[in-house]
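A quick write-up on the structure given underneath.
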There are 2 protein chains.
Amino acid sequence: MISGWEGIREEVLRRIRVRDWPPGETIPTEEELAAEFGVARATVNRALRELAGAGVLERRRKAGTRVALLPVRKATLDIPVIRQEVEARGQVHGFTLLTRTEGAPPVPVASRLGLGPSARAIYLETLHLADGRPFVFETRWLNPAVLPKPLPDFGVVSANEWLVAHVSYETGDIAFTAEAADAREAAVLGVAEGAALFVTERTTWTAEAAITLVRLAHVPGYRLQTMI
Amino acid sequence: MISGWEGIREEVLRRIRVRDWPPGETIPTEEELAAEFGVARATVNRALRELAGAGVLERRRKAGTRVALLPVRKATLDIPVIRQEVEARGQVHGFTLLTRTEGAPPVPVASRLGLGPSARAIYLETLHLADGRPFVFETRWLNPAVLPKPLPDFGVVSANEWLVAHVSYETGDIAFTAEAADAREAAVLGVAEGAALFVTERTTWTAEAAITLVRLAHVPGYRLQTMI
DNA sequence: GGCGCTAATATGTCTGCACATAATGACCGC
DNA sequence: GCGGTCATTATGTGCAGACATATTAGCGCC
């Protein structure tokens, strides 16, 4: 027997899959489905809203609900802090602060951080280890103007974790690319120059100003994986 | 004035950001918030449920709602069909079917598809073009047992689009890696051997059997990007 | 035929209430 | 002190009804 909004969601999904309701077709209204299943319209609404959020249905007022023609699959990636990621593999996390300098960042960095030409920024290079072996080479620019004082010793607390605990951010973007290891990256990660590295680049912002720009170069063989 | 579940969601977010409610802290109950904002509990529930889904809050019955200590950022990626992706960049999409064979797949492929040792599968190699230039090299294994007949001419219809229109799938997984181009990939994509390629691997399943395993090797410089 | 206005309609949201469910913490017996 | 039991409590879900809003289809006018 079908009951509850999850039951209705599954039943609707089933009908879509067996092509009772083929792609592009308009399905019955919420009211009709509520009558059929013997539930309140709010319950049907919850189920259909969920499916619309997953990209299976497309809904428009007055026009009704139709089965998505090209179901845009939405994969959700969890972006944990690196320590959690390493520990989730059953390995021991460690890290070394390789460099800490302060100065005017190069132009492309300054522009992505939205800083003026003379603004100063903190630059950190950190090597993250899993079971003592290189795992991720992190290069990070920080905007000191938006950081609470006092700053910690980034050799002891990882910048990543200090930031999530002390600075709240609003938006950001994240990009993934594949890049060949340059000389520095190759040396630090202990791989051949030109090796294919999986690179994550993140920018995070408060409402007004950029907080940090970080680039994570993962050791070859790294896989970013998720269920759909 | 705060009203509507979206307004409440924003207000709660604001209080978290200004640290009225710091990470780890339990926030007022739904009832209390409903009273404060002058709305029904269901409205508060909707707002908090949304934030919990985004990873900002953690909710447990009886225990209450608390601000997430390490906000696991959830990035949602839209996985469109390649044609849409190319067209979204304002380029013209094209593709060429390079190879179509049928036979027993290699062991790692068969195991990931859940096929027996003697099962046969269809193998396709397709080169996708953007404005006439190589964009993605697609290699795909198809499980013919679960495909509706008749099969189309994959030289005319891209396998990707035929599948989304004719086969409904339930689950799947997707993984991203960086890999060095082998001789074949280098030749097809027109890049140097060993170049860093961004690779997407997807497996999709119906309720019972695997449908397809596809590997997309993107041309160097490809960026997978999303807002957080 | 083409254009603009209007009424009809499906979804979006909200309220107030109710009961279900899970997790906690206090109580009780040993 | 220890362990098990049970009442308490916050969230999860449901219902019926209402109004809001976007969008469309049809109508009338030119």
- Query: Can you list every salt bridge (charged side-chain N to carboxylate O under 4.0 Å, His left out) pair that touches residues 52-65 of chain A, not counting sequence neighbours?
  - Reply: Glu30(A)-Arg59(A)
- Message: According to ring-ring contact (aromatic ring centres under 6.0 Å, His included), who are the partners of Trp162(A), at least two apart in sequence or on a separate chain?
- Response: Phe154(A), His166(A)
I'd like a list of close polar pairs between nucleotides 20-22 of chain C and the protein, N/O only, cut-off under 3.5 Å.
| unit_1 | atom_1 | unit_2 | atom_2 | d |
| --- | --- | --- | --- | --- |
| dT21(C) | O2 | Arg61(B) | NE | 3.2 |

- Query: With a 4.5 Å limit on heavy-atom distance, are the side chains of Thr204(A) and Val214(A) in contact?
  - Reply: no
- Task: Rounded to the nearest angstrom, tell me the gap between atom CD1 in Ile8(B) and atom P in dG12(C).
- Result: 19 Å
- Task: Would you mind classifying the nucleic acid contact of Gly38(B) as base, sugar-phosphate or nothing, using non-hydrogen atoms under 4.0 angstrom?
- Result: sugar-phosphate
- Listed by chain and number, what are the ring-ring contact (aromatic ring centres under 6.0 Å, His included) partners of Phe176(B), not counting sequence neighbours? Phe198(B)
- Query: Do any of residues 24-36 of chain A sit with a heavy atom less than 4.0 Å from DNA chain C, and if so which?
  - Reply: Thr29(A), Glu30(A)
- The side chain to side chain donor-acceptor pair (under 3.5 Å) partners of Arg9(A) (sequence neighbours excluded) come to none
- Arg140(A): partners by side chain to side chain donor-acceptor pair (under 3.5 Å), with sequence neighbours left out: Glu138(A), Thr212(A)
- Counterpart residues, salt bridge (Lys or Arg N to Asp or Glu O under 4.0 Å), relative to Asp173(B) (two or more places apart): Arg112(B)
- Return the set of residues passing side chain to side chain donor-acceptor pair (under 3.5 Å) with Glu6(A) (not counting sequence neighbours), or none when no residue passes. none
- Closer to the 5' end of DNA chain D via nearest nucleotide, is it Arg60(A) or Val39(A)? Val39(A)
- Message: Parallel, tilted or perpendicular, judged at 30° and 60°: which one describes the rings of Tyr222(A) and Phe135(A)?
- Response: perpendicular
- Query: Taking 5' to 3' order, which nucleotide of DNA chain D is first and which is last to have an atom within less than 4.0 Å of a heavy atom in chain A?
  - Reply: dT13(D) to dT24(D)
- Please report, rounded to the nearest Å, how far the P atom of dG12(C) is from the CZ atom of Arg46(A). 14 Å
- Message: Using the side chain to side chain donor-acceptor pair (under 3.5 Å) criterion, which residues pair with Arg66(B)? Sequence neighbours excluded.
- Response: Thr26(B)
- Taken in chain and number order and not counting sequence neighbours, the residues that satisfy salt bridge (Lys or Arg N to Asp or Glu O under 4.0 Å) with Arg100(B) are Glu102(B)
- Message: Distance check needed: dC14(C) C1' versus Arg49(A) CZ, whole Å only.
- Response: 12 Å
